[in-house]
Amino acid sequence: MTESRPEPGTPEFEQWLLDRAKKRADRIFTVEIPEDLAHVDSGIMAGPGSWKDIMPEKTIAEDIAIDKAHKRKHLKVVK
């Protein structure tokens, strides 16, 4: 993807930005919906199914596990 970006504030930049946004929107809205989500109404889904799933008390253990895995990522297991 080596599009040359016009100078901001010019009509060419506005057209370039609009074309780029249209390409991105086409890519987002033409994605196939997995079968297990086919029963869900139309629209874009993002985030957890319930706001209760993102409460700090539920995510602390998960966050700690992710942090530990990230810290150990550079280590190699030798058997």
Side-chain angles (χ1 to χ4, degrees):
M1 196 160 135
T2 58
E3 295 181 30
S4 60
R5 179 179 172 186
E7 194 66 32
T10 62
E12 292 83 15
F13 179 76
E14 297 298 324
Q15 186 61 44
W16 174 81
L17 201 57
L18 182 63
D19 292 341
R20 188 170 178 221
K22 284 181 182 179
K23 286 179 191 176
R24 184 174 290 170
D26 288 342
R27 189 176 72 239
I28 290 171
F29 292 115
T30 57
V31 172
E32 288 292 321
I33 299 174
E35 285 187 31
D36 56 337
L37 296 177
H39 68 282
V40 178
D41 201 12
S42 65
I44 296 177
M45 290 181 50
S50 171
W51 64 273
K52 293 177 184 176
D53 293 337
I54 59 171
M55 296 304 289
E57 356 4 287
K58 285 197 166 191
T59 61
I60 289 174
E62 193 174 309
D63 293 341
I64 291 171
I66 291 170
D67 289 342
K68 283 183 179 179
H70 184 70
K71 287 178 184 176
R72 291 187 310 244
K73 190 166 86 171
H74 71 283
L75 300 174
K76 182 178 179 182
V77 177
V78 179
K79 293 184 178 183

By side chain to side chain contact (heavy atoms under 4.5 Å, CB included) - contacts of [X] (at least two apart):
X   : value
L75 : R72
T10 : P6, E7, E12, F13
P11 : none
E14 : none

V77: which other cluster members, linking ILVMFWY side chains closer than 4.5 Å, directly or transitively? none
Going by chain and number, the hydrophobic cluster around I60 (ILVMFWY, side chain to side chain under 4.5 Å) further includes I64
Measuring from I28:CD1 to K23:NZ, what's the distance to the nearest 0.5 Å? 14.0 Å
